[in-house]
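Taking it in order: structure first as C-alpha coordinates, then the write-up.
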Amino acid sequence: MGYSYKMRIVLKCLFCIPVMCCVVTFTFPCFKYFVGFIPMNKCPLERGMILDLGDSIDSRLDLWSRDDVQTCTGWKAPIIWEGMFDPEVFDNIHKAKRSSVALTVFAVGRYLDAYLGIFLNSSERHFMVGLPVTYYVFTDFPGKVPNIKLAPQRSLKVITVQRHSRWQDISMMRMKTISDVIESDIRHHCSHVFCFDVDQEFTGRFGSEALGESVALLHAYYYHLPRWFYTYDRNPKSKAYMDTGDFYYHAAVFGGSWKSVKALTEACYQSIMEDKNNNVEAVWHDESHLNKYLWLHKPSRVLSPEYCWDNSIVYRKDIHVTRLEWATKQYNTLRTL
(Lines give C-alpha, C1' and ligand atoms only; values in the text may rest on other atoms or scores of the structure.)
Protein backbone atom coordinates (compact mmCIF):
# COMPACT_ATOMS: atom_id res chain seq x y z
CA MET A 1 0.00 0.00 0.00
CA GLY A 2 1.60 3.28 -1.18
CA TYR A 3 2.29 6.27 1.03
CA SER A 4 -0.08 8.57 -0.88
CA TYR A 5 -2.89 6.02 -0.60
CA LYS A 6 -2.34 5.70 3.15
CA MET A 7 -2.46 9.47 3.51
CA ARG A 8 -5.77 9.64 1.65
CA ILE A 9 -7.22 7.04 4.03
CA VAL A 10 -5.99 9.01 7.05
CA LEU A 11 -7.43 12.28 5.73
CA LYS A 12 -10.80 10.64 5.06
CA CYS A 13 -10.88 9.24 8.59
CA LEU A 14 -9.99 12.61 10.10
CA PHE A 15 -12.78 14.29 8.17
CA CYS A 16 -15.31 11.58 9.04
CA ILE A 17 -14.83 11.95 12.81
CA PRO A 18 -16.46 15.40 13.16
CA VAL A 19 -19.06 14.60 10.51
CA MET A 20 -20.13 11.39 12.26
CA CYS A 21 -20.19 13.11 15.64
CA CYS A 22 -22.46 15.79 14.23
CA VAL A 23 -24.73 13.18 12.61
CA VAL A 24 -25.14 11.43 15.97
CA THR A 25 -25.55 14.70 17.84
CA PHE A 26 -28.29 16.09 15.61
CA THR A 27 -30.09 12.83 14.83
CA PHE A 28 -30.97 11.81 18.37
CA PRO A 29 -33.07 14.26 20.46
CA CYS A 30 -31.26 13.39 23.70
CA PHE A 31 -27.93 14.52 22.21
CA LYS A 32 -29.53 17.68 20.83
CA TYR A 33 -30.80 18.49 24.31
CA PHE A 34 -27.46 18.06 26.05
CA VAL A 35 -25.61 20.14 23.43
CA GLY A 36 -27.45 23.17 24.77
CA PHE A 37 -25.73 22.74 28.13
CA ILE A 38 -22.24 23.10 26.64
CA PRO A 39 -21.25 26.64 27.67
CA MET A 40 -20.30 29.17 25.03
CA ASN A 41 -17.13 31.20 25.25
CA LYS A 42 -17.63 34.67 26.66
CA CYS A 43 -16.77 38.09 25.26
CA PRO A 44 -13.07 38.63 26.03
CA LEU A 45 -13.53 42.36 26.65
CA GLU A 46 -13.60 43.60 30.24
CA ARG A 47 -16.25 46.10 31.29
CA GLY A 48 -15.20 49.55 30.20
CA MET A 49 -13.36 48.26 27.13
CA ILE A 50 -14.87 48.97 23.72
CA LEU A 51 -15.35 47.14 20.47
CA ASP A 52 -13.26 47.76 17.41
CA LEU A 53 -15.73 50.40 16.27
CA GLY A 54 -15.75 50.04 12.53
CA ASP A 55 -19.23 51.50 12.91
CA SER A 56 -19.75 54.11 15.64
CA ILE A 57 -23.33 52.86 16.10
CA ASP A 58 -21.90 49.84 17.88
CA SER A 59 -20.99 52.00 20.87
CA ARG A 60 -24.73 51.77 21.63
CA LEU A 61 -24.57 47.98 22.08
CA ASP A 62 -24.71 46.61 25.62
CA LEU A 63 -22.28 43.67 25.52
CA TRP A 64 -22.90 42.80 29.15
CA SER A 65 -26.68 42.59 29.00
CA ARG A 66 -26.32 38.88 28.15
CA ASP A 67 -24.01 36.95 30.43
CA ASP A 68 -25.24 33.59 29.10
CA VAL A 69 -23.78 33.91 25.58
CA GLN A 70 -20.73 35.21 23.73
CA THR A 71 -21.42 38.82 22.75
CA CYS A 72 -18.17 39.69 20.97
CA THR A 73 -15.39 37.97 19.06
CA GLY A 74 -11.70 37.78 19.76
CA TRP A 75 -11.13 40.53 17.18
CA LYS A 76 -13.63 42.83 18.97
CA ALA A 77 -16.57 42.49 16.60
CA PRO A 78 -20.06 42.29 18.15
CA ILE A 79 -22.20 39.15 18.13
CA ILE A 80 -25.80 40.39 18.07
CA TRP A 81 -28.31 38.89 20.51
CA GLU A 82 -31.71 39.96 21.77
CA GLY A 83 -31.33 42.38 24.68
CA MET A 84 -28.09 43.98 23.44
CA PHE A 85 -29.63 46.84 21.45
CA ASP A 86 -32.44 49.37 21.37
CA PRO A 87 -34.26 48.81 18.06
CA GLU A 88 -35.56 52.39 17.85
CA VAL A 89 -32.08 53.87 18.31
CA PHE A 90 -30.59 51.71 15.54
CA ASP A 91 -33.48 52.41 13.17
CA ASN A 92 -33.27 56.17 13.68
CA ILE A 93 -29.52 56.24 13.12
CA HIS A 94 -29.74 54.22 9.91
CA LYS A 95 -32.60 56.35 8.62
CA ALA A 96 -30.48 59.44 9.27
CA LYS A 97 -27.58 57.79 7.41
CA ARG A 98 -29.95 56.95 4.54
CA SER A 99 -29.04 53.28 4.68
CA SER A 100 -30.70 51.14 2.01
CA VAL A 101 -30.65 47.40 1.55
CA ALA A 102 -30.63 44.99 -1.36
CA LEU A 103 -32.00 41.53 -0.55
CA THR A 104 -30.91 38.77 -2.93
CA VAL A 105 -32.65 35.40 -3.06
CA PHE A 106 -32.59 32.51 -5.54
CA ALA A 107 -35.81 30.62 -6.33
CA VAL A 108 -34.94 28.07 -8.98
CA GLY A 109 -36.92 25.05 -10.11
CA ARG A 110 -39.44 23.75 -7.59
CA TYR A 111 -38.08 26.03 -4.86
CA LEU A 112 -40.03 28.94 -6.37
CA ASP A 113 -43.46 27.36 -5.85
CA ALA A 114 -42.57 25.83 -2.50
CA TYR A 115 -40.98 28.76 -0.71
CA LEU A 116 -40.77 32.12 -2.48
CA GLY A 117 -44.23 33.47 -1.62
CA ILE A 118 -43.82 32.74 2.09
CA PHE A 119 -40.31 34.18 2.09
CA LEU A 120 -41.26 37.47 0.41
CA ASN A 121 -44.47 38.07 2.34
CA SER A 122 -42.79 37.40 5.67
CA SER A 123 -39.89 39.68 4.74
CA GLU A 124 -42.35 42.51 4.16
CA ARG A 125 -43.51 42.09 7.75
CA HIS A 126 -40.12 41.76 9.43
CA PHE A 127 -37.05 42.55 7.27
CA MET A 128 -35.55 46.04 7.64
CA VAL A 129 -38.97 47.60 8.21
CA GLY A 130 -38.84 51.36 7.68
CA LEU A 131 -35.73 51.28 5.46
CA PRO A 132 -35.60 51.30 1.64
CA VAL A 133 -35.35 47.68 0.44
CA THR A 134 -34.99 46.28 -3.07
CA TYR A 135 -35.64 42.56 -3.56
CA TYR A 136 -33.54 40.86 -6.24
CA VAL A 137 -35.23 37.56 -7.09
CA PHE A 138 -33.16 35.25 -9.28
CA THR A 139 -35.21 32.56 -10.98
CA ASP A 140 -35.55 30.42 -14.09
CA PHE A 141 -39.34 31.02 -14.12
CA PRO A 142 -39.81 34.82 -13.93
CA GLY A 143 -43.48 34.58 -14.88
CA LYS A 144 -44.22 32.54 -11.75
CA VAL A 145 -42.86 35.04 -9.23
CA PRO A 146 -45.84 35.88 -6.97
CA ASN A 147 -47.24 39.38 -6.74
CA ILE A 148 -46.82 40.70 -3.22
CA LYS A 149 -47.99 43.96 -1.70
CA LEU A 150 -44.91 46.10 -1.11
CA ALA A 151 -44.61 48.83 1.50
CA PRO A 152 -43.46 52.34 0.51
CA GLN A 153 -39.74 52.59 -0.36
CA ARG A 154 -39.65 48.90 -1.29
CA SER A 155 -39.38 47.38 -4.76
CA LEU A 156 -38.80 44.04 -6.44
CA LYS A 157 -36.65 43.13 -9.43
CA VAL A 158 -36.80 39.73 -11.12
CA ILE A 159 -33.66 38.47 -12.87
CA THR A 160 -33.65 35.38 -15.08
CA VAL A 161 -30.84 32.92 -14.39
CA GLN A 162 -29.71 29.66 -15.93
CA ARG A 163 -31.06 26.43 -14.51
CA HIS A 164 -28.25 24.03 -13.58
CA SER A 165 -28.77 20.28 -13.52
CA ARG A 166 -27.30 19.88 -10.02
CA TRP A 167 -28.51 21.75 -6.93
CA GLN A 168 -24.87 21.97 -5.80
CA ASP A 169 -24.04 24.02 -8.91
CA ILE A 170 -27.02 26.32 -8.29
CA SER A 171 -25.73 26.90 -4.77
CA MET A 172 -22.16 27.57 -5.83
CA MET A 173 -22.80 29.60 -8.97
CA ARG A 174 -24.97 32.10 -7.08
CA MET A 175 -21.71 33.72 -5.94
CA LYS A 176 -20.90 34.90 -9.45
CA THR A 177 -24.47 36.01 -10.10
CA ILE A 178 -24.56 38.12 -6.93
CA SER A 179 -21.19 39.68 -7.74
CA ASP A 180 -22.33 40.57 -11.26
CA VAL A 181 -25.59 42.20 -10.16
CA ILE A 182 -23.81 44.19 -7.46
CA GLU A 183 -21.52 45.60 -10.14
CA SER A 184 -24.26 46.30 -12.69
CA ASP A 185 -27.07 47.51 -10.43
CA ILE A 186 -26.97 47.24 -6.65
CA ARG A 187 -23.97 49.48 -6.01
CA HIS A 188 -25.77 52.38 -7.69
CA HIS A 189 -28.83 52.14 -5.43
CA CYS A 190 -28.09 50.40 -2.12
CA SER A 191 -25.57 50.82 0.68
CA HIS A 192 -25.91 47.26 1.99
CA VAL A 193 -26.62 43.77 0.63
CA PHE A 194 -28.06 40.71 2.36
CA CYS A 195 -28.09 37.30 0.70
CA PHE A 196 -30.60 34.63 1.77
CA ASP A 197 -31.62 31.07 1.00
CA VAL A 198 -35.26 31.01 -0.06
CA ASP A 199 -36.40 28.08 2.11
CA GLN A 200 -36.84 30.26 5.19
CA GLU A 201 -39.53 32.41 6.81
CA PHE A 202 -39.10 35.65 8.75
CA THR A 203 -40.83 35.36 12.12
CA GLY A 204 -39.56 38.40 14.02
CA ARG A 205 -37.64 41.63 13.65
CA PHE A 206 -34.62 41.31 11.34
CA GLY A 207 -33.67 44.95 11.50
CA SER A 208 -31.00 47.59 11.17
CA GLU A 209 -29.01 46.20 14.11
CA ALA A 210 -27.90 43.49 11.64
CA LEU A 211 -26.31 45.99 9.23
CA GLY A 212 -22.55 46.25 9.14
CA GLU A 213 -19.53 46.33 6.87
CA SER A 214 -19.19 42.52 6.76
CA VAL A 215 -21.88 40.35 8.34
CA ALA A 216 -21.74 36.62 9.09
CA LEU A 217 -24.16 34.26 10.85
CA LEU A 218 -23.43 31.64 13.51
CA HIS A 219 -24.79 28.28 12.33
CA ALA A 220 -27.55 27.13 14.69
CA TYR A 221 -26.19 23.57 14.79
CA TYR A 222 -22.67 24.45 15.87
CA TYR A 223 -22.64 27.50 18.13
CA HIS A 224 -22.51 25.46 21.35
CA LEU A 225 -20.05 22.87 20.05
CA PRO A 226 -16.24 22.82 20.37
CA ARG A 227 -14.31 23.67 17.21
CA TRP A 228 -13.25 20.13 16.45
CA PHE A 229 -16.92 19.40 15.62
CA TYR A 230 -16.98 22.05 12.88
CA THR A 231 -17.31 20.53 9.42
CA TYR A 232 -14.79 22.68 7.61
CA ASP A 233 -13.42 21.28 4.37
CA ARG A 234 -10.46 19.10 5.38
CA ASN A 235 -9.27 18.29 1.86
CA PRO A 236 -5.92 20.04 1.27
CA LYS A 237 -6.59 19.95 -2.47
CA SER A 238 -9.58 22.27 -2.09
CA LYS A 239 -9.29 26.05 -1.95
CA ALA A 240 -11.81 25.82 0.90
CA TYR A 241 -9.44 23.74 3.03
CA MET A 242 -9.30 24.77 6.69
CA ASP A 243 -7.36 23.22 9.52
CA THR A 244 -8.97 25.49 12.11
CA GLY A 245 -11.24 28.52 12.34
CA ASP A 246 -13.07 30.91 14.64
CA PHE A 247 -16.72 29.89 14.24
CA TYR A 248 -18.80 27.86 11.82
CA TYR A 249 -20.83 30.26 9.67
CA HIS A 250 -24.07 29.47 7.84
CA ALA A 251 -24.25 30.41 4.15
CA ALA A 252 -28.05 30.77 4.37
CA VAL A 253 -27.51 34.38 5.49
CA PHE A 254 -24.59 36.71 4.85
CA GLY A 255 -24.26 40.38 4.04
CA GLY A 256 -22.54 43.70 4.51
CA SER A 257 -21.76 46.79 2.49
CA TRP A 258 -22.02 46.26 -1.25
CA LYS A 259 -18.23 46.51 -1.56
CA SER A 260 -17.70 43.86 1.11
CA VAL A 261 -20.26 41.43 -0.34
CA LYS A 262 -18.85 41.92 -3.84
CA ALA A 263 -15.35 41.08 -2.58
CA LEU A 264 -16.64 37.97 -0.76
CA THR A 265 -18.69 36.62 -3.65
CA GLU A 266 -15.90 37.25 -6.18
CA ALA A 267 -13.34 35.47 -4.00
CA CYS A 268 -15.66 32.49 -3.33
CA TYR A 269 -16.47 32.16 -7.03
CA GLN A 270 -12.79 32.21 -7.99
CA SER A 271 -12.05 29.51 -5.41
CA ILE A 272 -14.98 27.39 -6.60
CA MET A 273 -13.77 27.60 -10.20
CA GLU A 274 -10.20 26.69 -9.21
CA ASP A 275 -11.59 23.62 -7.46
CA LYS A 276 -13.66 22.71 -10.52
CA ASN A 277 -10.58 22.98 -12.73
CA ASN A 278 -8.82 20.58 -10.35
CA ASN A 279 -11.80 18.17 -10.20
CA VAL A 280 -12.41 19.04 -6.55
CA GLU A 281 -15.69 19.94 -4.84
CA ALA A 282 -15.76 21.36 -1.31
CA VAL A 283 -17.65 19.28 1.21
CA TRP A 284 -20.37 21.89 1.86
CA HIS A 285 -20.00 23.66 -1.48
CA ASP A 286 -20.30 27.48 -1.31
CA GLU A 287 -20.63 27.35 2.50
CA SER A 288 -17.17 25.80 2.78
CA HIS A 289 -15.70 28.57 0.64
CA LEU A 290 -17.60 31.21 2.62
CA ASN A 291 -16.14 29.88 5.88
CA LYS A 292 -12.63 29.96 4.42
CA TYR A 293 -13.07 33.55 3.24
CA LEU A 294 -14.42 34.70 6.62
CA TRP A 295 -11.55 32.97 8.41
CA LEU A 296 -9.09 35.02 6.34
CA HIS A 297 -11.20 38.21 6.31
CA LYS A 298 -12.86 38.57 9.70
CA PRO A 299 -16.46 39.81 9.66
CA SER A 300 -17.10 43.11 11.42
CA ARG A 301 -20.44 41.85 12.74
CA VAL A 302 -21.69 38.38 13.63
CA LEU A 303 -25.36 37.47 13.98
CA SER A 304 -26.49 35.00 16.62
CA PRO A 305 -28.57 31.94 15.62
CA GLU A 306 -31.69 33.99 16.41
CA TYR A 307 -31.25 35.31 12.87
CA CYS A 308 -31.61 31.84 11.30
CA TRP A 309 -33.06 29.18 13.58
CA ASP A 310 -34.05 25.57 13.03
CA ASN A 311 -37.05 24.56 15.13
CA SER A 312 -36.04 20.91 14.99
CA ILE A 313 -33.37 21.85 17.52
CA VAL A 314 -34.79 21.27 20.96
CA TYR A 315 -35.37 24.10 23.44
CA ARG A 316 -32.41 26.41 24.04
CA LYS A 317 -32.73 28.88 26.89
CA ASP A 318 -30.34 31.33 25.19
CA ILE A 319 -32.66 31.74 22.18
CA HIS A 320 -35.09 34.41 23.46
CA VAL A 321 -36.55 35.21 20.02
CA THR A 322 -36.40 33.76 16.52
CA ARG A 323 -36.17 36.20 13.65
CA LEU A 324 -35.81 33.85 10.69
CA GLU A 325 -36.68 30.16 10.73
CA TRP A 326 -35.84 27.28 8.44
CA ALA A 327 -38.77 25.96 6.48
CA THR A 328 -39.48 22.24 6.48
CA LYS A 329 -37.02 20.68 4.06
CA GLN A 330 -38.31 18.68 1.11
CA TYR A 331 -34.98 17.76 -0.44
CA ASN A 332 -36.13 14.47 -1.98
CA THR A 333 -38.54 16.25 -4.30
CA LEU A 334 -37.18 19.79 -4.59
CA ARG A 335 -33.59 18.91 -5.46
CA THR A 336 -34.70 16.80 -8.39
CA LEU A 337 -34.70 19.59 -10.92
Q) Ignoring hydrogens and geometry, is there a side-chain-to-backbone donor-acceptor pair from His297 to Tyr293 under 3.5 Å? A) yes
**Q.** Value rounded to 0.5 Å, distance of OG1 in Thr322 from CZ in Arg316
**A.** 14.0 Å
Q) Do the side chains of Trp64 and Val69 join up, straight or via other hydrophobic residues, at under 4.5 Å, putting them in one cluster? A) yes
**Q.** Partners passing side chain to side chain contact (heavy atoms under 4.5 Å, CB included) against Asp180 (at least two apart in sequence or in another chain)
**A.** Lys176
Q. Does atom CG of Asn147 have more than 12 heavy-atom neighbours, drawn from other residues, nucleotides or ligands, at distances under 6.0 Å?
A. no
Q) By side chain to side chain contact (heavy atoms under 4.5 Å, CB included), which residues pair with Pro44, not counting sequence neighbours? A) Cys72
Q: Check step by step if ring pair (Phe, Tyr, Trp, His ring centres under 6.0 Å) holds for Tyr136 and Trp258.
A: CA-CA 14 Å; Tyr136 290 80; Trp258 69 261; over 10 Å; no
Q.
Please enumerate all residues that pass salt bridge (charged side-chain N to carboxylate O under 4.0 Å, His left out) together with Glu266, with sequence neighbours excluded.
A. Lys262
**Q.** Contacts of Asp318 that satisfy salt bridge (charged side-chain N to carboxylate O under 4.0 Å, His left out) - sequence neighbours left out
**A.** none
Q | Side chain to side chain, Ile57 and Lys97, heavy atoms closer than 4.5 Å | A | yes
Q: Calculate, to the nearest 0.5 Å, the distance between atoms CG and OG1 belonging to Leu45 and Thr71 respectively.
A: 8.0 Å
Q.
Can you tell me if Lys259 has over 12 outside heavy atoms packed within less than 6.0 Å of its NZ?
A. no
Q: Tell me, with the steps shown, if Lys76 and Asp58 meet side chain to side chain contact (heavy atoms under 4.5 Å, CB included).
A: CA-CA 11 Å; Lys76 300 182 181 180; Asp58 290 344; over 6 Å; no
Show the atom names and distances, to 0.1 Å, of all donor-acceptor pairs under 3.5 Å that link a side chain in residues 127-135 to residues at least two apart or in another chain.
| unit_1 | atom_1 | unit_2 | atom_2 | d |
| --- | --- | --- | --- | --- |
| Thr134 | OG1 | Ser155 | OG | 3.4 |
| Tyr135 | OH | Ser123 | OG | 3.0 |
| Tyr135 | OH | Glu124 | OE2 | 2.6 |
| Tyr135 | OH | Arg154 | NH2 | 3.1 |

Q.
What's the separation between atom CG in Leu150 and atom CG in Asn121, rounded to the nearest 0.5 Å?
A. 9.0 Å
Q: Test Phe119 against every option in Phe106, Phe202, Tyr111 by the ring-ring contact (aromatic ring centres under 6.0 Å, His included) rule and name the one that passes.
A: Phe202
Q. Under a 4.5 Å cut-off applied to non-hydrogen side-chain atoms, are Ser214 and Leu264 in contact?
A. no
Q: Quick one: closest heavy-atom pair of Ala282 and Asp275, and the distance?
A: N-OD2, 4.2 Å
**Q.** Qualifying salt bridge (charged side-chain N to carboxylate O under 4.0 Å, His left out) pairs, either residue in residues 126-148, two or more places apart
**A.** Asp113-Lys144, Asp140-Arg163
Q.
For Val283, is there any backbone N or O sitting under 3.5 Å from a side-chain donor or acceptor partner on Asp233?
A. yes
Q: Go through the structure and list residues passing side chain to side chain contact (heavy atoms under 4.5 Å, CB included) with Ser191, not counting sequence neighbours.
A: Ser99, Ser100
Q.
Name the residue from Trp326, Trp309, Tyr230 that meets the ring-ring contact (aromatic ring centres under 6.0 Å, His included) definition with Tyr221.
A. Trp326
(Q) When you compare the side chain of Ile93 with that of Arg60, does any pair of heavy atoms fall below 4.5 Å? (A) yes
Q: Taking salt bridge (charged side-chain N to carboxylate O under 4.0 Å, His left out) as the test, write out the residues that go with Arg187, two or more places apart.
A: Glu183
Q: Keeping the roles fixed (side chain from Ser65, backbone from Asp62), state whether a donor-acceptor pair exists under 3.5 Å.
A: yes
Q) Residues two or more places apart in sequence or in another chain: which of them pass side chain to side chain contact (heavy atoms under 4.5 Å, CB included) with Asp86? A) Glu88, Val89
Q: Nearest 0.5 Å please: distance from the CE atom of Met40 over to the NZ atom of Lys42.
A: 7.5 Å
**Q.** salt bridge (charged side-chain N to carboxylate O under 4.0 Å, His left out) partners for Asp310, two or more places apart
**A.** none
Without placing hydrogens or testing angles, list every side-chain donor-acceptor pair under 3.5 Å for residues 248-257, not counting sequence neighbours.
| unit_1 | atom_1 | unit_2 | atom_2 | d |
| --- | --- | --- | --- | --- |
| Tyr248 | OH | Glu287 | OE2 | 2.8 |
| Ser257 | OG | Glu213 | OE1 | 3.4 |
| Ser257 | OG | Glu213 | OE2 | 2.7 |
| Ser257 | OG | Ser260 | N | 3.1 |

Q.
To the closest 0.5 Å, what do you measure between OG (Ser304) and CH2 (Trp81)?
A. 4.5 Å
Q: Say whether, by atom type as modelled, one donor and one acceptor occur between the side chain of Arg234 and the main chain of Met242 under 3.5 angstrom.
A: yes
Q | Side-chain heavy atoms of Thr73 within contact of Lys298, under 4.5 Å | A | no
Q) Rounded to the nearest 0.5 Å, how far does OH of Tyr269 lie from CD of Glu274? A) 11.5 Å
(Q) Counting the benzene-type ring for Trp, do Phe206 and Tyr307 have ring centres under 6.0 Å apart? (A) yes
Q | Close side-chain approach of Pro87 to Arg205, heavy-atom, < 4.5 Å | A | yes
Q | Student check: side-chain heavy atoms of Leu116 and Val105 closer than 4.5 Å | A | yes
Q: Tell me, with the steps shown, if His285 and Ile272 meet side chain to side chain contact (heavy atoms under 4.5 Å, CB included).
A: CA-CA 8 Å; His285 314 108; Ile272 289 166; over 6 Å; no
(Q) Assess the residue pair Met175 and His289 against the criterion (side chain to side chain contact (heavy atoms under 4.5 Å, CB included)); give the C-alpha distance rounded to whole Å, side-chain angles, the decisive distance to 0.1 Å, and a yes or no. (A) CA-CA 10 Å; Met175 292 296 187; His289 291 279; over 6 Å; no
Q) Is Asp185 close to Lys157 at the side-chain level, that is, under 4.5 Å between some pair of heavy atoms? A) yes
Q. Between Ala216 and Leu294, which heavy-atom pair has the shortest distance, and what is it?
A. CB-CD1, 3.7 Å
Q | Inter- and intrachain pairs under disulfide (SG to SG under 2.5 Å), touching residues 184-214, at least two apart | A | none
Q) Less than 4.0 Å between a side-chain N and a carboxylate O, is that true for Asp68 and Lys317? A) no
Q | Exam field: side chain Glu209 to backbone Ile80, donor-acceptor pair closer than 3.5 Å | A | no
(Q) Working note: Val261 + Phe194, criterion side chain to side chain contact (heavy atoms under 4.5 Å, CB included); need CA distance, chi angles, decisive distance, verdict. (A) CA-CA 8 Å; Val261 177; Phe194 260 97; over 6 Å; no
Q: Check whether any side-chain heavy atom of Leu120 sits under 4.5 Å from a side-chain heavy atom of Leu156, and report yes or no.
A: yes
Q.
Apply ring pair (Phe, Tyr, Trp, His ring centres under 6.0 Å) to residues Phe247 and Tyr223 and explain how you reach the verdict.
A. CA-CA 7 Å; Phe247 301 98; Tyr223 75 105; over 10 Å; no
Q | hydrophobic_cluster_shared for Val198 and Trp284, side chain cutoff 4.5 Å | A | yes
